[in-house]
Visitor: 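Could you have a look at this structure, given as structure tokens, before my questions?
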Amino acid sequence: MAEATRGLGLVAPGVAAAAAFGYLLLLFAVAFWADRRAAQHRSVIDRSWVYSLSIGVYCTAWTFFGSVGVAAERGLWFLPIYFGPTLVMLAAPLVLVPMLRVAKSLRLTSLSDLLSTRFGHRALLGRWVALALVVVSIPYVALQLKAIALAFEIVSGGAGGEAARTFWLVVVLALFAALFGTRRLDVTERHEGLVAAVAFESAVKLGAFLLLGVVIGAVLLGDAEGALRAAWWEAWQAVPKIDAVAAMGYGDWLALIVLAGVAFLLLPRQFQVLVVENVRAEHLTRASWQFPLYLWALNLFVVPVALLGKVLLPDGVTSDGFVLTVPLALHEHWLAVVVFLGGISAATSMVIVESVALATMISNDWVAPWWLRRGKTLAAGHLLWVRRAVIVAVIAAGYLFFLLAGESHALIAIGLVSFLGVAQLAPAVVAAFLWPGASAVGVAAGLFVGLVVWGYTALLPLLIRSGWFPEAWLTVGPAGIAWLRPEALFGVEGMAPVTASLVWSVLANGVVLISVSVLCPPDGATRAIARRFVADQLFRASRKGAATIADASVAPVRSHWRAKTQSSAVLEVLARFVSAERLEEALRAFRAERGLAADAPLVVDEAFVAFAERLLSGAIGGVAARLVLEGVLGERAPAWDEVMALVDEARAVREANERLRELDRMKDEFIASVSHELRTPLAAVRAYAELLAADPDIDRETRRKFYQTMVRESERLTRLVNQVLDLAKLDSGHAEWRHEAVDLRTVVHEVAETMRPVMRERGGELGVVVPQEEAICFGDRDRLVQLLLNLVGNAVQFMKVPHGKVAVTLQPDAQTWRLIVEDNGPGVPPEERQAIFERFHRASKTRAHSTGTGLGLAIAKRIAEHMGGAIAVDESPLGGARFVVTLPRGTVSQENREREDEPQDLGGG
């Protein structure tokens, strides 16, 4: 390689090294800045375009260097690697939404966590999946390190020292990943700095490649003699058709598309950025088209670069390095440095995220359970250091594989080996979401057989070509047995080696999974979990779209089981692994879900144990979480057995039928109520219009009264329609919401100024009491104004006339703000204080005097609940009704932090 590039203009080795290490320092700065912003509740990753850029970690050195190499040798055969992810993202509502919903609701941290949870919380299965992913990912890490070494060698012309520079770059990478990938124990809380750095790297590699393409275009257009353009055009015409490449056909093209799509979905780093680091559900909806745009923009100039490399560069220059050798051949040293940094960014982002994802799996599925089973005390600091050690070990293993087997192979060969290994998880994941009859034993057996076949048909040929085994094994087979040839197993020929390995390994995997699951079916516990995965999660996600994910939760457990342990013991354990802020938010949400008061004592029943296990799983993984809780409880919470599974299945069916009947009744009542409410103003408008049309001689004063009545009824009709539409949006989750810091005092004063003219007109008095200090909550200011207007308008309507009194009071509480609206009207009877918040309901005492639509209080209730609060009504000291709205003080959750005034659309995908 050094001989072939000796005639090119080269970059000084010191300049290349300084640029690479300077770039990594910039990466540290970006990550520190993002973490600092997160600490100030001003997240930089809570943007859909940042989320889409972070998914760009899929585009590694294989994309940046290898795609050009494939295009130079095989034409358009680099495209299937990008068609696969594109199709997966476009089908996100059916493919990614169910996985994201399940992971968020169960606080899953990895693919191993997902599969072990789905198949009955089997710790052995989780360990097996984690180990498998580590094994198949090591070659991919080695690929990135090979690309870094190749880049150093090309830009410096093989001047020496590439190995040392690559080694120290690997050390810095390990330091970065350990520092920003283990900032906190709970891995379901986002790594803001790491994600921001990965998104930044995606932007760098895109910018570098586009700049290279623009320069190449300028060179071709500026070719005065036209010789270069003619040669380039001749090379373009010589690009082979898809089915003209040796031993490759359309079937192999399709196989590569499937392989790339599966790998994109199941690679550890992709699960990390797509699921674990997802801030909000609608980002996935937008990324479903934003990421494909990024992907194809990055590949826009692959063919032009490849063809110009074939024209300009001598034989012996590796096509994998064309992105660097072409700028050098053009004597554009500055461009070579920029592209060099783009290649470094493509490699480093993958190494960082992959090592963090693998470290999470190893620590949660191997180290933490092993430590606990030895009876040792598990501390948060221990696990953080374990994860850091595993990150270093993963990167070191990749470096060792690169030294042993990476030098003799093209980038695409190493990448495809890893893709084929990851594809062995596909049968298990498909079964997890589509087949309740799959068992943990079947999944484990299928995965084992699939990995054995993968190792024989994909990894072994790589090692043979590296000199570890005889070359004759590929041509005549081990011991001369032809049907054992790794790339033509069972004597079947006609498929490309990649296609053959994919077909044989996944086929064996699937057949074993099905066969063993039939022979060893799942137990009742696994079937109960399967029903939630297959029926509940998939059905809800496909119907409601991504907007439902953020609020997903496990169905409450209905059981009368009680532990003898006090809740304080469980909370003490949780506090060791979960931050105080996160624990407080989670407890508040749990109490609200169970309808408990803020200071109500907690009972350690099955629902509380499930809550604690979900919270703890985010920090130490599902297996370790169960072991910790079993130790604290001193007994095991009762598991589902076969009998209870059957009973539960029958009760699910029964409750579903009851819900359907209730929904049908509510639909009929709603239609009847809307029809009645619409008919009244329409009838009035029509009656007065007919009177005016029938008698054109009606006197002026009577005509004026008729017109005023028609206008008033039309306004009432418009108000009704608007409120019905508004309520429908709130109920369906399609309403638009903003999340910002709101001073409730300004909301109270705005509503008071709006309503005072109405009060004066009706001879009433409006009193306002607010605190001196700021009354901050996070929510949608316009919706809060709407809520308070509805309550004050309701109070004004029913206050005494004359001498009416309405009071609005804002009071601080321990964790909430209390917004109180009261009047001196007839009040609400105790038996109707729940029903009054239903659609079209009016209290019996006020029904005859009501002129509203009966929807204002229903809308107010939904607004309060969406913002994490509640609303209730009781008797006022003034003699009438008192409505009390409680709203959380400060941040209500990580998802409801300040959004820098960015509107958020919670609509379904």
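This is a predicted model, so every value here is computed, not measured.
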Visitor: To the nearest 0.5 angstrom, please state how far the CZ atom of F291 sits from the CG atom of L284.
Guide: 12.0 Å

Visitor: If you take all heavy atoms of P436 and R118, which pair is closest and at what distance?
Guide: CA-NH2, 3.7 Å

Visitor: Distance only, no hydrogens: is a donor on one side chain within 3.5 Å (strictly under) of an acceptor on the other, for S517 and W435?
Guide: no

Visitor: Strictly distance-based, threshold 3.5 Å: is any side-chain N or O of S288 a donor or acceptor partner for the main-chain N or O of T285?
Guide: yes

Visitor: Rounded at 0.5 Å granularity, tell me how far CZ in F271 sits from CE in M361.
Guide: 9.5 Å

Visitor: Identify the two heavy atoms, one from T86 and one from L295, that lie closest to each other, and give their separation to 0.1 Å.
Guide: OG1-CD2, 3.6 Å

Visitor: How close do A61 and A147 get, counting heavy atoms only, and between which atoms?
Guide: CB-CB, 3.2 Å

Visitor: What's the separation between atom CZ in R465 and atom CG in L474, rounded to the nearest 0.5 Å?
Guide: 5.0 Å

Visitor: Check whether any side-chain heavy atom of L460 lies under 4.5 Å from a side-chain heavy atom of F469, and answer yes or no.
Guide: yes

Visitor: Taking the side chain as C-beta and beyond, is there a heavy-atom pair between V441 and F119 under 4.5 Å?
Guide: no

Visitor: Measure the spacing between CZ of F64 and CG of L206 and express it to the nearest 0.5 Å.
Guide: 9.5 Å

Visitor: Run the side-chain contact (heavy atoms from CB on, under 4.5 Å) check on L425 and V129 step by step: do they pass?
Guide: CA-CA 8 Å; L425 288 177; V129 171; 3.9 Å; yes

Visitor: Classify the angle between the aromatic ring planes of F83 and W296 as parallel (below 30°), tilted (30 to 60°) or perpendicular (above 60°).
Guide: tilted

Visitor: For the pair S355 (side chain) and V394 (backbone), establish whether a donor and an acceptor sit closer than 3.5 Å, ignoring hydrogens and angles.
Guide: no

Visitor: Applying salt bridge (charged side-chain N to carboxylate O under 4.0 Å, His left out), which residue pairs with at least one partner in residues 473-482 are found, sequence neighbours left out?
Guide: none

Visitor: Hey, does the side chain of N509 reach the backbone of Q424 with a donor-acceptor pair shorter than 3.5 angstrom?
Guide: yes

Visitor: So P268 and S137, do their side chains get closer than 4.5 Å, heavy atoms only?
Guide: yes

Visitor: So, for W504 and Y456, is the gap between ring centers shorter than 6.0 Å?
Guide: no

Visitor: Should F78 and V68 be marked as a side-chain contact (heavy atoms from CB on, under 4.5 Å) after you check the CA-CA gap, both sets of side-chain angles, and the distance that decides it?
Guide: CA-CA 8 Å; F78 72 97; V68 174; over 6 Å; no

Visitor: To the nearest 0.5 angstrom, please state how far the CG atom of L115 sits from the CZ atom of R122.
Guide: 13.5 Å

Visitor: Atom OG of S418 and atom CD of E354: how far apart are they, to the nearest 0.5 Å?
Guide: 8.0 Å

Visitor: Can you list the steps and then say if F209 with V323 is a side-chain contact (heavy atoms from CB on, under 4.5 Å)?
Guide: CA-CA 8 Å; F209 214 109; V323 290; 3.9 Å; yes

Visitor: Do Y294 and S202 pass the side-chain contact (heavy atoms from CB on, under 4.5 Å) test, and can you show the C-alpha distance, the side-chain angles, and the key distance before you say yes or no?
Guide: CA-CA 9 Å; Y294 171 86; S202 293; 3.4 Å; yes

Visitor: Given ring-ring contact (aromatic ring centres under 6.0 Å, His included), test F419 with W454 step by step and report yes or no.
Guide: CA-CA 10 Å; F419 270 28; W454 163 76; over 10 Å; no

Visitor: Looking only at heavy atoms, what is the nearest atom pair of L133 and L111, with distance?
Guide: CD1-CB, 4.3 Å

Visitor: With side chains defined as the heavy atoms from C-beta onward, is the minimum distance between V417 and L143 less than 4.5 Å?
Guide: no

Visitor: Would you say the side chain of F264 lies within less than 4.5 Å of the side chain of L274, judging by non-hydrogen atoms?
Guide: yes

Visitor: Can you check whether V57 reaches E201 side chain to side chain, under 4.5 Å on heavy atoms?
Guide: no

Visitor: For R485 and A482, indicate whether the former's side chain and the latter's backbone hold a donor-acceptor pair under 3.5 Å.
Guide: yes

Visitor: Side chains of T457 and L420, heavy atoms from C-beta outward: is any pair under 4.5 Å?
Guide: no

Visitor: Taking all non-hydrogen atoms of both residues into account, name the closest pair between A458 and S501 and its distance.
Guide: CB-OG, 3.5 Å

Visitor: If I compare all heavy atoms of A347 with all of I148, which pair ends up nearest, and what's the gap?
Guide: CB-CG1, 3.8 Å

Visitor: Ignoring hydrogens and angles, tell me if any N or O in the side chain of K205 forms a donor-acceptor pair with the backbone of T63 under 3.5 Å.
Guide: no

Visitor: So, the side chain of Q144 versus the backbone of T60: is there a donor-acceptor pair under 3.5 Å, distance only?
Guide: no

Visitor: Report yes if some heavy atom in the side chain of F433 is under 4.5 Å from a heavy atom in the side chain of M99; otherwise report no.
Guide: yes

